[in-house]
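All ligand and atom numbering here is 1-based and tracks the order in the structure. The analysis underlying the following values was restricted to heavy atoms, covering all of them including side chains, and did not include hydrogens, waters or symmetry mates.
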Amino acid sequence: MDWWKKSVVYQIYPMSFKDSNGDGIGDIGGIIEKVDYLKELGVDVIWLTPIYESPMDDNGYDISDYYKINPLFGTMEQFEEMLDKLHSRGIKLIMDLVVNHTSDEHQWFKEARKDKNSKYHDFYIWKDKPITDQQSFFSGSVWEYNEETDEYYYHLFSKRQPDLNWDNEEVRKEVYRLINWWLDKGIDGFRMDVIDLIGKIPEESVMFGEKSHIYLQEMHKACFEGRDVFTVGETSFATPQSAPLYSDKERKELTMCFGFEHLGLEEIKGNGKWDLKKLELNELKQVFKIWQKALHEKGWNSLFWSNHDQPRIVSRMGNDTTYRIESGKMLGLVLHGMQGTPYIYQGEEIGMTNVKFPLEDYKDIETINMVKEKQEAGWSMEKIMAGIYAKGRDNARTPIQWNSSENAGFTTGTPWIKLNPNYTEINVEDTLKQENSIFNFYQQLIKIRKDYEIITVGDFELLYEEDSNIFAYTRKSETEELRVVANFTGEEIECKGLSEIATEYDRVLLTNYTLNRTVKDVLRPYEAIMFYKSI
Ligand code: NOJ
C-alpha cells in the first residue's frame with residue numbers, strides 16, 4: 001500500500017511555532033528543538049509553510065528567491081540539520097511550493113516591470129488597461145498599474161504578489177528546475193499553494209480550468225516521475241468531480257488535493273468569506289458524504305479541519321469553553337475515521353482556540369485590507385469584528401502555547417503577534433501531564449490508522465442522515481467494519497439504536513468519555529465513539 005495512505009501530516013507555520021533566538025519570530029532552530037515532540041505525537045510527515053527568502057507581505061507566500069532560506073527563519077545549514085533530524089526519526093518533510101505568483105521583489109518581476117523587451121516581462125500577465133473588474137482575494141482590483149511600462153499586471157492576491165504567466169514555457173521550466181533542486185536536496189515532496197489557479201484565464205475572470213491538469217501532468221513528468229514523493233495541491237476550487245482528476249494515480253498529477261467545500265458552509269453563498277450564517281450539521285455531513293464517495297477507489301482524500309488560513313476548529317465547530325476537550329477529541333475522531341490522509345494543524349493537538357484581539361493587534365494582510373473594504377461598503381464595525389473573530393486567519397497564527405511561563409515559552413523576546421491569553425490554562429507542558437488529553441487522543445488516532453487496515457481501505461456510508469445533532473458513519477471492507485457515532489452538540493441527546501450497536505460490535509476502539517454508558521440510547525455532550533468488529 002502507498003505509504004501516504006497510512007500517514008498523518010502535521011503542519012508547521014514556522015513564524016508561530018517556536019522561536020530559538022529571541023527575535024520574537026519562530027524559526028528553524030525552534031523546530032529542531034521540538035522534533036522529539038513531533039515524534040512523540042506520532043506524525044509521519046511535516047508540511048512546512050514557506051521559509052524561503054521573502055519580504056513577508058503575506059508571511060512568506062510572497063517569495064523573492066526560491067533557492068534561499070529567509071534569514072528570519074535561519075540558514076540553509078540549519079535547514080539541512082532539521083531535515084536530517086526529522087529523517088533520522090522516520091519523519092518526512094514536505095515544503096510549500098508557491099508558484100502561482102512570486103513576490104514583486106523577485107528578480108524576475110524586477111526585470112519584468114522595468115522593460116517590456118526583457119524576457120522576464122512575459123513571465124507575468126500584462127494588459128494595457130484593466131480588462132475586467134475582477135477583485136483580488138485580498139481586496140481591490142486584480143489589475144495594478146506599473147508606471148515604468150505604462151501597463152497593468154495581474155495579481156490574484158496582494159499587489160505585491162504578481163501572478164506568473166503559466167502559459168509561458170520558460171516559466172514552467174524555471175518552476176520545474178526549482179522543484180527538482182529541492183527534491184535533490186532530499187525533501188519528500190510539496191504542498192502546492194493555490195495550484196488550481198495556474199489554469200486561470202484572466203481575460204475571462206476564470207480562476208481554474210483544464211490547463212491546470214495539463215500543466216500538472218507536465219510537472220509530474222519533469223519532476224516526480226520515478227521519485228517516491230508526496231504532493232498535495234491546495235485546490236480551492238476543487239469539486240467532487242475534479243478532485244479525482246487531480247488525485248487519480250493513473251493520471252499522474254498529484255498524490256491528493258485539499259477540497260474546501262466543508263469549510264465554506266457558514267458563508268452566505270456568493271457573498272465572500274466574511275458574510276456569515278450558522279453552520280448546519282446536515283450540510284456538513286452531506287459534503288463529507290459526497291467527497292468520501294467521489295474519491296473512494298478513484299483518487300485520494302485529504303482530511304483537515306484547520307490550517308494557517310482557517311479559524312481554530314474547537315472554536316468553530318466545537319465548544320472552546322466547557323467542552324473544549326470533549327469537542328476537540330470528537331472532531332478529531334470524526335475526521336480521522338474517514339478515508340484519506342489526515343492533516344493536523346499545529347496547536348490542534350492541544351485544542352488551541354480562537355482569539356478576540358482589538359483591531360490594532362491583527363497582523364494579517366487579508367484582515368487589514370478587508371476592514372478598509374467593508375468600512376467603505378458601509379458595514380458596521382460590529383459586523384466586521386464578528387467576521388474577524390469567526391474567520392480571521394490570525395486565529396490560527398497566534399504562537400504555540402508551550403507552557404504557562406511568560407509568552408508561553410514561545411519566545412524570550414517580543415512575539416511578532418500577540419499570544420492567546422489563555423496560555424496559562426492551555427499549553428503543551430500541562431497537556432503532556434494529563435492522561436486524558438487531546439494530545440493523547442490524537443496519539444491514539446494516529447496509532448489506530450497504523451493498526452487497522454479498515455481506516456485506509458473501507459468504504460463510507462452515512463448513518464442517521466436526517467439527524468441534525470449526530471454525525472455517524474460506517475466504514476466497511478471485506479474483513480472489517482468500523483462505526484463512528486458522534487454528538488455534535490453540547491447537550492445530552494437521544495441516539496436511537498446506540499445500545500444495539502454497542503452489542504453488535506466487538507469493541508470500542510476509541511471514545512472521548514471514560515465511563516462507558518452505551519447501554520442507554522443516549523450520547524453525552526460531544527460524545528464520540530468508534531466501534532470495531534472483524535467480519
Ligand atoms: C494560500 C495560502 O495558504 C495563503 O496563506 C496565502 O495567503 C495564499 N495562498 C496566497 O499565496
Side-chain angles (χ1 to χ4, degrees), residues 9-17 26 46-64 66 70 73 94-106 109 124-125 134-140 142 144 153-164 166 175 178 190-200 207-208 212 231-238 254 256-260 263-264 272-274 302 304-312 343-346 348 362-370 388 391-398 416-417:
V9 184
Y10 184 92
Q11 183 193 348
I12 293 185
Y13 193 70
M15 282 184 89
S16 306
F17 190 66
I46 300 297
W47 151 26
L48 209 58
T49 61
I51 51 166
Y52 314 91
E53 193 183 89
S54 161
M56 302 297 272
D57 186 48
D58 183 21
N59 291 2
Y61 281 94
D62 48 321
I63 297 171
S64 52
Y66 291 97
N70 187 336
F73 294 125
I94 65 168
M95 306 263 291
D96 220 309
L97 182 75
V98 190
V99 290
N100 171 70
H101 45 268
T102 67
S103 158
D104 62 347
E105 291 187 27
H106 194 288
F109 191 71
Y124 297 87
I125 300 162
Q134 193 183 350
Q135 297 295 294
S136 70
F137 291 112
F138 293 166
S139 308
V142 293
E144 180 70 19
Y153 64 87
Y154 183 81
H155 63 92
L156 277 169
F157 294 90
S158 102
K159 61 182 180 208
R160 303 205 51 199
Q161 293 165 296
D163 277 50
L164 283 165
W166 270 75
V175 170
L178 77 90
F190 289 97
R191 174 267 188 185
M192 300 186 187
D193 191 61
V194 290
I195 203 67
D196 49 350
L197 301 184
I198 63 174
K200 67 194 156 250
M207 302 280 237
F208 56 98
S212 61
T231 55
V232 51
E234 188 204 24
T235 47
S236 326
F237 294 95
L254 298 168
M256 67 189 85
C257 68
F258 291 120
F260 285 86
L263 296 179
K273 122 170 208 182
W274 306 103
S302 33
F304 68 107
W305 283 133
S306 36
N307 63 34
H308 62 291
D309 297 329
Q310 300 290 335
R312 291 282 176 188
Y343 291 72
I344 301 170
Y345 177 65
Q346 64 179 35
E348 183 183 322
Y362 286 93
K363 303 282 180 198
D364 176 24
I365 182 170
E366 182 190 49
T367 296
I368 293 167
N369 290 358
M370 157 299 221
I388 298 175
K391 293 290 278 285
R393 304 196 299 181
D394 282 340
N395 280 311
R397 298 178 181 187
T398 63
W416 71 274
I417 186 171

For the rings on His106 and Tyr124, is their centre-to-centre separation under 6.0 Å?
->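 No, ring centres 6.0 Å or more apart.
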Determine, using ring centers only, whether Tyr345 and Phe304 are less than 6.0 Å apart.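 Phe304 vs Tyr345: aromatic centres not under 6.0 Å.
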- Query: Which word best sums up how the rings of Tyr343 and Trp47 line up, parallel for under 30°, tilted for 30 to 60°, or perpendicular for over 60°?
  - Reply: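 Because their plane-to-plane angle is over 60°, the rings of Tyr343 and Trp47 count as perpendicular.
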(Q) Please determine whether a side-chain nitrogen of the Lys or Arg among Arg160 and Asp62 lies less than 4.0 Å from a carboxylate oxygen of the Asp or Glu. (A)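 No.
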So if I only count non-hydrogen atoms and take anything under 4.0 Å from ligand 1, which residues does that give, chain by chain?
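Close residues (ligand 1, cut-off 4.0 Å): Asp58, Tyr61, His101, Phe138, Phe157, Arg191, Asp193, Val194, Glu234, His308, Asp309, Arg393, Arg397.
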| request: Would you mind reporting whether Thr367 and Trp274 have side-chain heavy atoms less than 4.5 Å apart? | output: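 A side-chain contact under 4.5 Å exists here.
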| task | Applying side chain to side chain contact (heavy atoms under 4.5 Å, CB included), name anything that partners Lys159, two or more places apart in sequence or on another chain. | result |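 Applying side chain to side chain contact (heavy atoms under 4.5 Å, CB included) to Lys159 gives Glu144, Tyr153, His155.
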